[in-house]
Colleague: 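Structure below; questions to follow.
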Amino acid sequence: MAFENKYVQQRIQKAQTLKDAGFNPYSNNSQRNTTVEKYLNVNDDIESKENKRDENRHYIISGRIKLLRIMGKASFVKIEDESGILQAYITRDNLPEGFYNDIFKKNIEVGDIIEVGGYPFVTGKGELSIHVSDLKLLTKAIAPLPEKFHGVTDKEIRYRKRYLDLIMNAEVRKTFQTRSKVISLTRRFFEDKGFLEVETPMMHPIAGGANAKPFVTHHNSLGIDRYLRIAPELYLKRLIVGGFEAVFEINRNFRNEGMDATHNPEFTSIEFYWAYKTYKDLIEITKEYFNYLFEHLSLPTRLPYGEHEVNFENFQEIPLIKSLTSVGGIPSEVVDDKEKILAYLKSKNITVKPNLNLGQLQGELFDEYVEEKLIDPTFITEYPVEISPLARRSDENPAITERFELFIAGREIANAFSELNDPLDQYERFKGQVECKDAGDDEAHEMDEDFIDALSYGMAPTAGQGIGIDRLVMLLTNEHSIRDVLLFPAMKPISSEIIDEDICE
RNA sequence: GUCUUGUUAGCUCAGCUGGUAGAGCACGUCACUUUUAAUGAUGUGGCCGAUGGUUCGAAUCCAUCACAGGACACCA
């Protein structure tokens with residue numbers, strides 16, 4: 001089954017021919033002494049030299065052949081490494097007797113990883129290249145690459161065979177380099193602020209900290225089920241109880257739910273908790289965090305996202321109720337009255353679930369009329385208590401909470417609040433959740449008695465925030481599917497994989 | 001979960017109202033020492049996603065299934 005494709009067969013034969021001629025098609029004897037990027041930088045003066053070359057310089061470059069133009073006794077080869085792509089000029093007379101015709105032309109092709117040594121020169125068409133005097137094959141590719149011009153565009157192939165996507169699409173590599181930098185910068189930002197990075201369990205006895213269905217796994221020697229965590233929140237707060245005053249965790253969460261352009265079953269978030277602070281401090285640190293990211297990623301403060309342009313110098317702060325009128329254009333006499341909201345929604349032909357309370361209806365109005373219009377970064381504050389079960393009530397107005405969500409380009413990016421630290425209140429809220437669970441809501445919280453115990457010892461007033469890293473990277477890279485910012489997004493198995501599994505078992 | 005659009009050569013795609021498959025790139029052979037998706041000549045390559053059905057005859061029509069994309073719903 002494997003290797004039966006005729007192109008693969010052909011290339012296997014070439015590898016064998018090379019072996020027979022004494023050339024290892026999988027040599028590990030690389031002598032590389034520079035990268036393409038460095039080569040191009042160091043030699044950018046060649047253009048001005050006599051004959052546009054310098055035979056006294058010598059470099060060894062390694063990489064994959066992306067393009068091959070054989071023109072009789074001379075050839076042009078585009079060699080790509082991680083840093084860039086370089087043209088090599090290869091001639092028969094600069095290589096050992098017979099090598100060019102019998103080895104290079106016959107057995108080395110697009111997709112192979114080679115190493116070339118030579119001097120820098122500029123071609124007649126003005127391209128800085130390398131004039132090759134040494135060529136060796138490092139790795140024979142026995143699978144042919146996709147077509148050179150269109151590359152691979154089929155999303156299924158790109159996600160299932162990400163390595164192929166990365167080979168063919170340089171801009172994809174760039175997206176993941178940006179992702180890596182975002183995570184690194186995020187870590188450095190919070191460390192510099194005095195936060196301690198911690199690791200809390202990925203396998204939970206009780207899946208808490210969010211409303212979501214968990215994945216279940218089994219611990220054999222203990223004979224018990226464990227849940228892959230849906231959020232680290234309750235463990236991080238236990239650490240605040242224990243006396244750490246600023247902690248953060250960047251890690252994966254797992255939710256056993258649907259997949260779409262903004263949801264993958266495993267996703268990365270940062271959650272951070274900061275004692276003796278409130279959500280207002282979080283607004284300030286969030287602005288600072290974005291400034292830090294933009295500065296270190298060298299991004300312009302006006303970023304395109306789809307059809308929009310986001311101005312990251314224009315952070316707004318609007319209480320939720322006010323946003324309904326000022327952004328959503330809903331008449332002010334409507335937004336504070338349950339019956340009027342219902343009538344308003346009905347007049348607009350929007351149906352909502354029955355028996356929603358005022359806070360929930362305000363949430364519906366927000367989702368319907370405001371969210372997608374928030375293009376520049378906007379902190380929506382003062383959420384109704386009914387839709388903020390984990391947030392602390394405002395001391396001035398017990399109907400609202402000390403909470404914000406940050407919206408950018410019509411999407412939620414962060415959720416933050418002053419944390420609920422009253423153990424009796426938390427106990428009651430868990431009880432309410434348990435009732436929902438008993439009534440059939442399989443996403444409701446379970447009672448976490450140990451967490452109540454922890455709060456009973458006293459958790460300092462604390463502010464906490466979660467930021468979805470995947471969605472943040474989407475925003476910064478102008479990507480519109482979460483799969484395009486995950487190296488290996490979740491995919492259904494193809495049918496042959498399922499059959500194989502059945503045979504094994 | 002619902003709707004919708006796809007699935008044809010290694011890749012990117014044609015193939016109309018049913019008559020046993022087509023291009024470009026890639027690959028093989030030949031020519032070519034400054035090309036830029038090199039060029040010219042020539043040749044190979046396919047169980048048309050899977051299974052049923054309708055039909056004398058199915059890549060094409062119908063049904064079911066699988067996978068993927070998009071939209072909606074649900075969910076952070």
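No experiment lies behind these values; they were computed from the predicted model shown. Sequence lines set the chain letters: A, B, ... in the order given, protein chains first and strands last, and positions in each chain run from 1.
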Colleague: Less than 5.5 Å between centroids and less than 30° between ring planes, does F149(A) satisfy that with rA37(B)?
Modeller: yes
Colleague: Distance check: side-chain N/O of K14(A) vs OP1/OP2 of rC27(B), anything under 4.0 Å?
Modeller: no
Colleague: What's M491(A) touching, base or sugar-phosphate or nothing? Going by heavy atoms closer than 4.0 Å.
Modeller: sugar-phosphate
Colleague: Is any side-chain N or O of K492(A) closer than 4.0 Å to OP1 or OP2 of rC65(B)?
Modeller: no
Colleague: Do E115(A) and K136(A) sit within salt-bridge range, that is, some charged N less than 4.0 Å from a carboxylate O?
Modeller: yes
Colleague: Under 4.0 angstrom, heavy atoms only, what part of the nucleic acid is K78(A) near: base, sugar-phosphate, or nothing?
Modeller: base
Colleague: Can you measure L145(A) atom CG to rC11(B) atom P for me and round it to whole angstrom units?
Modeller: 12 Å
Colleague: Please report the distance, rounded to the nearest Å, between CG in N169(A) and P in rA37(B).
Modeller: 17 Å
Colleague: Just to confirm, is there a sub-4.0 Å distance from OP1 or OP2 of rU12(B) to any side-chain nitrogen or oxygen of T153(A)?
Modeller: yes
Colleague: Counting any heavy atom closer than 4.0 Å, what does K106(A) reach on the DNA or RNA strands: base, sugar-phosphate only, or nothing?
Modeller: sugar-phosphate
Colleague: L67(A) CG to rU36(B) P: how many Å, rounded?
Modeller: 12 Å
Colleague: Go through the steps to decide whether D112(A) and K14(A) satisfy the test salt bridge (Lys or Arg N to Asp or Glu O under 4.0 Å), and finish with yes or no.
Modeller: CA-CA 11 Å; D112(A) 293 347; K14(A) 289 181 182 183; over 6 Å; no
Colleague: Using the C1' atom as the point on both nucleotides, what is the distance between rU51(B) and rU12(B), in whole Å?
Modeller: 29 Å
Colleague: Categorize G468(A) for me: base, sugar-phosphate, or nothing, with a 4.0 angstrom heavy-atom threshold over every strand shown.
Modeller: nothing
Colleague: Rounded to whole angstroms, how far apart are CD1 on I387(A) and C1' on rC75(B)?
Modeller: 15 Å
Colleague: If you take any heavy atom closer than 4.0 Å to RNA chain B, which residues from residues 474-485 of chain A end up in contact?
Modeller: R483(A)
Colleague: Under 4.0 angstrom, heavy atoms only, what part of the nucleic acid is F121(A) near: base, sugar-phosphate, or nothing?
Modeller: base
Colleague: What stems show up for RNA chain B when you take Watson-Crick pairs (N1-N3 plus N6-O4 or O6-N4) and G-U wobbles (N1-O2, O6-N3), both under 3.5 Å, and require three or more consecutive pairs?
Modeller: B:1-7 with B:66-72, B:10-13 with B:22-25, B:27-31 with B:39-43, B:49-53 with B:61-65
Colleague: Is the backbone of F366(A) close enough, under 3.5 Å, to the side chain of E371(A) for a donor and an acceptor to pair up by distance?
Modeller: no
Colleague: Closest nucleotide of RNA chain B for D260(A) versus for E371(A): which of these residues is on the 5' side?
Modeller: D260(A)
Colleague: How would you label the contact of K66(A) with the nucleic acid (heavy atoms, under 4.0 Å): base, sugar-phosphate, or nothing?
Modeller: nothing
Colleague: What integer number of Å spans the C1' atoms of rG28(B) and rU20(B)?
Modeller: 27 Å
Colleague: With a 4.0 Å cut-off on heavy atoms, is D154(A) in touch with a base, just the backbone sugar-phosphate, or nothing at all?
Modeller: sugar-phosphate
Colleague: For atom C1', what is the distance between rC48(B) and rU7(B), given to the nearest Å?
Modeller: 10 Å
Colleague: Find the distance K155(A):NZ to rU7(B):C1' and express it as a whole number of Å.
Modeller: 16 Å
Colleague: If the C1' atom of rG24(B) is compared with that of rG15(B), how far apart are they to the nearest Å?
Modeller: 15 Å
Colleague: Using only modelled atom types and a 3.5 angstrom limit, is any donor from either the side chain of E147(A) or the base of rA26(B) paired with an acceptor on the other?
Modeller: no
Colleague: With R179(A) as the cation and F176(A) as the aromatic partner, state whether NZ or CZ is under 6.0 Å from the six-membered ring centre and within 45° of the axis.
Modeller: no
Colleague: L164(A) CG to rA26(B) C1': how many Å, rounded?
Modeller: 14 Å
Colleague: Choosing from rG10(B), rA76(B), rU33(B), which nucleotide comes nearest the side chain of N211(A)?
Modeller: rA76(B)
Colleague: Roughly how far, to the nearest 0.5 Å, is CG of L40(A) from CD1 of I61(A)?
Modeller: 7.5 Å
Colleague: For RNA chain B, determine which residues of residues 122-136 of chain A have any heavy atom closer than 4.0 angstrom to one of its atoms, and list them numerically.
Modeller: T123(A), G124(A), K125(A), E127(A)
Colleague: Tell me if the side-chain of H263(A) makes a donor-acceptor pair with the base of rC75(B), cut-off 3.5 Å, by modelled atom types.
Modeller: yes
Colleague: Can you check whether G111(A)'s main-chain N or O pairs, donor with acceptor, with R64(A)'s side chain at less than 3.5 Å?
Modeller: yes
Colleague: Relative to each other, are the rings of F99(A) and F23(A) parallel, tilted or perpendicular (30° and 60° limits)?
Modeller: perpendicular
Colleague: Quick check against the 3.5 Å criterion: does N107(A) have a side-chain atom that pairs as donor or acceptor with the backbone of D102(A)?
Modeller: yes
Colleague: If I take atom NZ in residue K105(A) and atom C1' in nucleotide rA31(B), what distance separates them, rounded to the nearest angstrom?
Modeller: 9 Å
Colleague: Counting just side-chain N and O atoms, does R160(A) come under 4.0 Å of either OP1 or OP2 of rA68(B)?
Modeller: yes
Colleague: Can you identify which nucleotide, out of rC74(B), rG45(B), rA38(B), has its nearest atom closest to the M71(A) side chain?
Modeller: rA38(B)
Colleague: Which value, in whole Å, describes the distance between the C1' atoms of nucleotides rA66(B) and rG10(B)?
Modeller: 23 Å
Colleague: Please work out which of the three classes, parallel, tilted or perpendicular, describes the rings of Y89(A) and H131(A), given edges at 30° and 60°.
Modeller: perpendicular
Colleague: Between D376(A) (side chain only) and V310(A) (backbone N and O only), is there a donor and an acceptor less than 3.5 Å apart?
Modeller: no
Colleague: On a whole-Å scale, what distance lies between the C1' atoms belonging to rG18(B) and rU60(B)?
Modeller: 6 Å
Colleague: Around atom NZ of K161(A), are there more than 12 heavy atoms from other residues, nucleotides or ligands closer than 6.0 Å?
Modeller: no
Colleague: Could you check which of rA68(B), rU44(B), rU33(B) has an atom nearest any side-chain atom of T91(A)?
Modeller: rU33(B)
Colleague: Does either side chain, that of Y235(A) or that of R229(A), offer a donor lying less than 3.5 Å from an acceptor on the other one?
Modeller: no
Colleague: For rA14(B) versus rG6(B), give the span between their C1' atoms, rounded off to a whole number of Å.
Modeller: 15 Å
Colleague: Would E127(A) and K78(A) satisfy salt bridge (Lys or Arg N to Asp or Glu O under 4.0 Å), going step by step from the backbone distance to the final call?
Modeller: CA-CA 12 Å; E127(A) 179 166 349; K78(A) 293 274 189 178; 2.6 Å; yes
Colleague: Tell me whether the rings of Y39(A) and Y59(A) are parallel (<30°), tilted (30 to 60°) or perpendicular (>60°).
Modeller: perpendicular
Colleague: Need one value for Q13(A): base, sugar-phosphate or nothing, where a base atom within 4.0 Å counts as base even if backbone is also close, heavy atoms only.
Modeller: nothing
Colleague: Could you measure between the two C1' atoms, the one in rA59(B) and the one in rA9(B), and give it in whole Å?
Modeller: 14 Å
Colleague: How close or far is atom P of rU35(B) from atom OH of Y89(A), stated in whole angstroms?
Modeller: 10 Å
Colleague: For the residue pair Y279(A) and F404(A), categorise the inter-ring angle as parallel (less than 30°), tilted (30 to 60°) or perpendicular (more than 60°).
Modeller: tilted
Colleague: Decide, for rC61(B), between syn and anti: a glycosidic angle within 90° of 0 counts as syn, anything else as anti.
Modeller: anti
